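Heads up, the thing below is written out as structure tokens.
In what follows, chains carry the letters A, B, and so on, assigned in the order in which the sequence lines appear, proteins first and then strands, with residues in each chain numbered from 1. This structure is a prediction, so every number in the text was calculated from the model and none was measured.
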Number of protein chains: 2
Amino acid sequence: MAGDRVARAVRSAGRRPGVSGTREAILAAALRAFATSGFRGASLRAIANDAGVDPALIRHYFGDKASLFAQAVADGSGIVARMSAVLDQRGPDQGRRAIDAYLGLWEDPDNLAVIRAMIGTAMTAPEALESLRGVLLARVASRAPGGADSPGVALAASQLLGLAFARYVIQIPSVAAMPRDELLDLVAPTIDRYLALGEAPA
Amino acid sequence: MAGDRVARAVRSAGRRPGVSGTREAILAAALRAFATSGFRGASLRAIANDAGVDPALIRHYFGDKASLFAQAVADGSGIVARMSAVLDQRGPDQGRRAIDAYLGLWEDPDNLAVIRAMIGTAMTAPEALESLRGVLLARVASRAPGGADSPGVALAASQLLGLAFARYVIQIPSVAAMPRDELLDLVAPTIDRYLALGEAPA
DNA sequence: CCGGGAACTCCTCACTTGTGGAATTCCTGG
DNA sequence: CCAGGAATTCCACAAGTGAGGAGTTCCCGG
């Protein structure tokens with residue numbers, strides 16, 4: 001039997017040659033897992049398996065499960081900035097363009113994973129809610145014309161959120177199946193009206 | 001020592017005298033747990049403990065954890081009917097009345113628990129998503145004028161959902177702190193416009 | 001060229017979870 | 001008044017969890 005397991009065998013332990021991108025693979029897998037199973041439901045073993053890696057490596061790189069989550073969300077949270085930046089542009093067809101850009105963000109599977117991870121965890125973990133609100137508000141508040149965070153922008157954001165939720169999460173047929181152009185036509189006036197609230201104040 | 005543990009002692013096993021309302025206590029505790037921890041995160045032992053009951057009683061009454069969830073949601077899902085009924089009433093100030101009624105539903109802690117349980121679980125458990133969509137659509141589809149489920153009603157629902165989410169879950173300051181009347185004034189035109197879509201088709 | 005540290009794997013521990021069986025006490029219908 | 005069932009408890013199990021220790025292989029700076 002000693003002659004049997006010659007060289008490679010089980011590839012046992014030890015460092016691999018070359019660069020491996022393991023860290024990034026773990027973060028991506030973690031985001032997927034947190035998005036689809038929530039914080040508690042996502043298991044480190046499943047994440048490691050998805051990343052093609054030993055579970056102990058997660059501990060090696062990130063320590064805690066909570067730290068893993070924080071890192072994964074922070075890593076992918078550039079999309080939060082892009083989500084709120086969507087409402088920055090002004091102009092004649094600002095509503096149409098905002099909705100179009102916003103829906104585009106939700107249609108990217110990677111972004112969807114981040115969003116679902118944040119919202120899903122925010123629903124079940126108070127401290128995650130804190131950080132989510134913090135990140136969202138830091139952006140929203142920064143671009144208010146009047147200094148405070150503007151009701152118009154917030155209402156526009158609420159419509160966009162509800163729309164994306166209905167279309168991509170709950171998947172209500174009439175909204176999920178509607179052609180993009182038609183959706184834009186129907187919802188753009190709403191966004192335009194909300195955004196105009198901040199421009200003609202008292 | 002025999003004289004010591006006279007009567008009550010550890011209250012060991014056996015049926016309790018009188019009615020107990022245990023079933024209802026379990027359902028209520030389950031709803032709380034699912035709302036705050038999600039489907040996976042809620043443990044049967046924690047639910048039983050919250051209800052002041054032995055974990056095995058859950059199995060006795062409901063069998064599966066999934067069945068428990070289904071029962072708990074179905075039990076509290078009168079609110080789903082009320083949520084979609086909100087969009088039934090027509091008239092001059094239909095938008096205002098719909099928003100007012102809808103927000104009222106979210107402000108009841110019991111209802112909020114059901115909603116959070118459904119949404120939180122829908123985000124993290126595909127099979128729960130199926131049943132959630134089914135329940136919602138059975139109601140929404142039933143009152144469509146054209147026979148199919150109407151885009152106008154669905155869009156109105158998406159705005160209401162996003163609004164409630166921003167106000168009660170994420171708690172964006174400018175939306176959460178806004179007086180009810182002001183909110184109604186700002187959002188009612190949107191709802192009115194969406195609902196009018198179904199009335200003047202081609 | 002060699003030694004320290006980084007990358008990586010295996011194994012184990014203590015704990016929690018969902019599920020289920022068996023026993024006990026009480027209520028109620030005949 | 002008594003038998004059957006309902007309500008309730010304790011105990012046990014197998015599986016999965018997060019955490020951590022110990023060892024192995026490789027890379028790179030001196």
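Between B:Y168 and B:I115 the shortest side-chain heavy-atom distance does not fall below 4.5 Å. A:L186 has its side chain within reach of A:M178: a pair of non-hydrogen atoms, C-beta onward, lies under 4.5 Å apart.
Rounded to whole angstrom, the span from the CZ atom of A:R23 across to the P atom of C:dC8 amounts to 12 Å. As rounded to whole Å, 14 Å separates atom C1' of C:dG20 from atom CG of B:L57. Rounded to whole Å, the distance from CG on A:D54 to C1' on C:dC8 is 7 Å.
The base of C:dG18 does not come close enough to the side chain of B:R59 for any donor and acceptor atom to sit less than 3.5 Å apart. Side-chain atoms of B:R45 come within donor-acceptor range of the base of C:dG18, with a qualifying N/O pair under 3.5 Å.
In this model, the phosphate group of D:dT8 is approached by a side-chain N or O of B:T22 to a distance below 4.0 Å at OP1 or OP2. For the pair B:S43 and C:dT17, the criterion of a side-chain N or O lying under 4.0 Å from OP1 or OP2 is met. Here A:Y61 does not reach the OP1 or OP2 of C:dA6: none of its side-chain N or O atoms lies under 4.0 Å away.
Of the candidate nucleotides D:dT9, D:dT8, C:dC10, C:dC10 has the atom nearest to the side chain of A:A56. The side chain of A:K65 sits closest to D:dA19 out of D:dA7, D:dA19, D:dG21.
Residue contacts for B:A46: at a heavy-atom cut-off of 4.0 Å it reaches no nucleic acid atom on any strand shown. Using a 4.0 Å heavy-atom cutoff across all strands shown, A:L44 reaches sugar-phosphate atoms only and no base atom.
A parallel orientation is assigned to the rings of A:F39 and A:F34, their planes being inclined by less than 30° (bins at 30° and 60°).
Residues A:D181 and A:R96 are paired through a salt bridge, judged by an N-O separation under 4.0 Å between the basic side chain and the carboxylate.
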